[in-house]
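Any value given below was found using the heavy atoms of this structure, including those in side chains, with hydrogens, waters and symmetry copies removed.
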Amino acid sequence: MYIERSIDTLLLEWKNSRSLKPLLLRGARQVGKSWAVEHLGESFDYFIEVNFEKRPDMKDVFEKVHDVHELANSLGILYNKPVEPGKTLVFLDEIQDCLAAIKSLWSFKEDFPGLHVVAAGSLLEFALKELPSFGVGRIRSLFVYPFCFDEFLIAEGKSSWVKAKKEASSDKPLLTALHNDLVQHYRTFLMVGGMPASVAAWITSHDYRQCQTELDDIQLTYYDDFVKYAKKVDPTLLRNTLQSVILQIGNKFVYSQVEGDYRAEEVKKALGLLCDAGIIKRVSHTAANGLPLGAEINKKFCKYIYLDSGLLLRILDMDLGSAQQLTELIIAGTAEDLVNKGGLAEMVLGWELVKYNNPRSQHDLYYWENTAEGTRSEVDYIIARNMKVLPIECKAGTSGKMKSLREFMRQKHLTDAIRCSLENFSLLENEDKKDDNALRRISINPLYAISTLYNSINPSTLISSLA
């Protein structure tokens, strides 16, 4: 059973493009790259899949044959299928295992532009760094991630809910009953996660145990991959670093907390490899005085978030024995506790910000912290919207009066901010008496509705085409 995804729309756009370029799908292992391409292959007359992990002997073909027409002819003979422009989709999977195949993508654009060629790889970023140049302008990339919450709802048959929350606002909040249903499904999403195998298990069984089995298999696959990094860094260091990232979710990362007495430089290298593999993502500290946000990062401060909430729970359970409390928070805890404790909601918020952004490029995440001595204030995420700096705080309720968020707005002279919580859509307005009574507006955006932040800049056909 294939579950429709937003990436399908972009794949069809690529198929029908008049200016066809070889397509490269990039992302962590098991996020659905191959699944999506195989589904796309059903719309072609012929589909050829070359998997370099399953058929290592195919490397020899690409290393010895350099003319792409001759190469296409060889593939047609080996797979007993015609290779015809417009009718055949050639899929080069796990392409990171064959540098010659990556290089061949450049030639397909120049010498065989009518042929549909798509490639994917789980550890692709490592291979790309080994190439002196990478086909600038001749290859198109799409970045693939686990299911976002909108995709999860559509898989559950709730496309009308996706449409309703896209149309909601502080002036037009959702019906209370629908809001409560969305909160409950969001809790389910935190447990199941967005990995396609886990989502498929949930859709077919609605049994968390089956999801957990799939997630255990994926996590073990990630650990098995660590052996492939052995020439770059100790696999034990990678595993310890990953576990430390999970234990420090929501906090500034402290190198010394990685088990094993490793030097900071060793831990930094491990973190870099885990980022390249797509398993974790760095959240950089920015001064946020203006755009671009990346122009004012402080390398001494950073956070890291793990790829998926379902996988995070499995590591906590399998390796660290501490998943029970967080699981109880998700299933039965109050909204305030779920959002304010454990960093899980903050982690998922970060990934939702990435997933709803334009998948044709990578997107960095930023946060802000007041680094002045004797102060302690922090804003979870800073994004650019409508050419302005927009702070986002992940909080439940109004306890503490959002002092950090208001302090940041005052310092940067901002009028607008967002608080993400499990409340319905609403708006908080007040005059800041400490800043000449300047009007501050804080929009309450539910955690289940992060996609509404990108309605104006996402391709209009993404989620709406599936709903």
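- In terms of modelled atom types and a separation under 3.5 Å, the side chain of Lys109 and the main chain of Ile139 share no donor-acceptor contact.
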### Task
Show your reasoning for whether side-chain contact (heavy atoms from CB on, under 4.5 Å) applies to Tyr454 and Ile383.
CA-CA 11 Å; Tyr454 292 96; Ile383 67 171; 4.1 Å; yes
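- Side-chain atoms of Asp308 come within 3.5 Å of backbone atoms of Gly310 as a donor-acceptor pair (strictly under, hydrogens ignored).
- With salt bridges taken as basic N to acidic carboxylate O contacts below 4.0 Å, one links Arg360 and Glu13.
- Taking all atoms of both residues into account, the shortest heavy-atom contact from Tyr366 to Gly294 is OH-CA, 3.3 Å.
- The distance from atom CD of Gln362 to atom CG of Asn357, rounded to the nearest 0.5 Å, is 12.0 Å.
- Leu447 and Cys420 make their closest contact through CD2-CB, 3.7 Å (heavy atoms, listed as atom of the first residue, atom of the second, distance).
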### Task
Applying salt bridge (charged side-chain N to carboxylate O under 4.0 Å, His left out), run through Glu378 and Lys252 and close with a yes or a no.
CA-CA 11 Å; Glu378 182 179 304; Lys252 183 182 71 173; over 6 Å; no
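- Look at Asp8 and Arg5 and you find no salt bridge, because none of the NZ, NE, NH1 or NH2 atoms lies under 4.0 Å from a carboxylate O.
- Within 6.0 Å of CG in Asp261 there are 12 or fewer heavy atoms belonging to other residues, nucleotides or ligands.
- Aromatic ring pairs are classed by plane angle as parallel below 30°, tilted from 30° to 60° and perpendicular above 60°; the pair His185 and Trp161 is perpendicular.
- Side-chain N or O atoms of Thr286 include one that pairs as donor or acceptor with a backbone N or O of Leu293 at under 3.5 Å.
- Under a 3.5 Å cut-off, the side chain of Ser244 and the backbone N or O of Asn240 do not form any donor-acceptor pair.
- Atoms CG and OG, on Leu428 and Ser443 in that order, are 8.5 Å from each other to the nearest 0.5 Å.
- Just one residue in the list Ile442, Ile444, Leu453 forms a side chain to side chain contact (heavy atoms under 4.5 Å, CB included) with Ile418, and that residue is Leu453.
- Below 30°, between 30° and 60°, or above 60°: for Phe301 and His285 the angle between ring planes is between 30° and 60°, a tilted geometry.
- Note on ring orientation: taking the six-membered ring where Trp is involved, the planes of His179 and Tyr448 are tilted (angle from 30° to 60°).
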### Message
Please determine whether side-chain contact (heavy atoms from CB on, under 4.5 Å) holds for the pair Val283 and Tyr381, giving the CA-CA distance in whole Å, both sets of side-chain angles, and the decisive distance to 0.1 Å.
### Response
CA-CA 8 Å; Val283 185; Tyr381 293 103; 4.1 Å; yes
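- Judged by distance alone, the side chains of Arg441 and Asn430 never bring a donor and an acceptor atom under 3.5 Å apart.
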#### Entry: Test log, rule ring pair (Phe, Tyr, Trp, His ring centres under 6.0 Å), inputs Tyr208 and Trp202
CA-CA 7 Å; Tyr208 284 127; Trp202 175 255; 4.9 Å; yes
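- You'll find the side chain of Tyr223 reaches within 4.5 Å of the side chain of Arg239, heavy atoms only.
- Atom CG of Leu142 sits about 9.0 Å away from atom CG of Asn358, to the nearest 0.5 Å.
- Ser141 contributes atom OG, which lies 7.5 Å from atom CG of Leu128 (distance to the nearest 0.5 angstrom).
- Using modelled atom types and a 3.5 Å distance limit, the side chains of Asn445 and Thr452 yield a donor-acceptor pair.
- Atom CD1 of Ile280 and atom CG of Leu274 lie 4.5 Å apart (nearest 0.5 Å).
- Taking all atoms of both residues into account, the shortest heavy-atom contact from Leu238 to Ala270 is CD2-O, 3.8 Å.
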### Chi angles and distances behind the salt bridge (charged side-chain N to carboxylate O under 4.0 Å, His left out) call for Asp416, Arg385
CA-CA 11 Å; Asp416 294 281; Arg385 189 184 186 197; over 6 Å; no
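- The pair Glu393-Arg406 does not count as a salt bridge, with every side-chain nitrogen at least 4.0 angstrom from each carboxylate oxygen.
- Panel note: side chain Thr188, backbone Gln184; a donor-acceptor pair is recorded below 3.5 Å.
- No donor-acceptor contact under 3.5 angstrom links the side chains of Gln212 and Glu214, judged on distance only.
- Smallest separation of non-hydrogen atoms from Ile203 and Ala155: CD1-O, 3.5 Å.
- Arg314 is listed as a side-chain neighbour of Asp317, based on a closest heavy-atom distance under 4.5 Å.
- Using modelled atom types, no side-chain atom of Ser170 and backbone atom of Ser426 make a donor-acceptor pair closer than 3.5 Å.
- The shortest distance between side-chain heavy atoms of Leu92 and Val118 does not fall below 4.5 Å.
- No hydrogens or angles considered: nothing links the side chains of Asn251 and Lys303 as a donor-acceptor pair under 3.5 Å.
- A donor-acceptor contact shorter than 3.5 Å is absent between the side chain of Glu94 and the backbone of Ala120.
- For the pair Lys281 and Tyr304, the cation-pi criterion (under 6.0 Å, within 45° of the ring axis) is not fulfilled.
- Remark: Glu407 engages Arg410 in a salt bridge, criterion side-chain N to carboxylate O under 4.0 Å.
- Looking only at side-chain heavy atoms (C-beta outward), Pro113 and Lys21 stay at 4.5 Å or farther from each other.
- Minimum heavy-atom separation, Asp276 to Glu125: O-CG, 3.2 Å.
- Remark: the backbone N or O of Ile330 is paired with a side-chain donor or acceptor of Arg187 at under 3.5 angstrom.
- The side-chain heavy atoms of Pro196 and Ile3, taken from C-beta on, include no pair separated by under 4.5 Å.
- Side chain of Trp35 to main chain of Ala197: no donor-acceptor pair is present (N/O by atom type, distance under 3.5 Å, no hydrogens or angles).
- Using a 30° and 60° split on the angle between ring planes, Phe149 and Tyr186 fall in the perpendicular class, above 60°.
- Between Arg263 and Glu266, the closest side-chain pair of non-hydrogen atoms falls below 4.5 Å.
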### Task
Show the numbers, then the answer: is there a ring pair (Phe, Tyr, Trp, His ring centres under 6.0 Å) between Tyr255 and Tyr262?
CA-CA 8 Å; Tyr255 301 112; Tyr262 294 100; over 10 Å; no
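- With respect to the salt-bridge test (charged N to carboxylate O, under 4.0 angstrom), the residues Glu431 and Arg440 do not qualify.
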### Query
Could you walk me through whether Ser6 and Glu151 pass the side-chain hydrogen bond (donor to acceptor under 3.5 Å, both in side chains) check?
CA-CA 7 Å; Ser6 58; Glu151 290 175 316; 2.9 Å; yes
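- In this structure, Lys395 does not pair ionically with Asp380, as no charged nitrogen and carboxylate oxygen lie closer than 4.0 Å.
- The shortest side-chain heavy-atom distance between Trp14 and His116 falls under the 4.5 Å cut-off.
- Between Phe189 and Phe147, the ring centre distance reaches or exceeds 6.0 Å.
- Note on Lys165 versus Asp150: salt bridge recorded, some NZ/NE/NH1/NH2 to OD/OE distance being below 4.0 Å.
- At most 12 heavy atoms of other shown residues, nucleotides or ligands fall within 6.0 angstrom of atom CG in Leu175.
- Not one N or O on the side chain of Asp432 forms a donor-acceptor pair closer than 3.5 Å with the backbone of Ala438.
- The shortest side-chain heavy-atom distance between Asp171 and Phe425 does not fall under the 4.5 Å cut-off.
- We find the CG-CG distance between Leu10 and Leu40 to be 11.5 Å, quoted to the nearest 0.5 Å.
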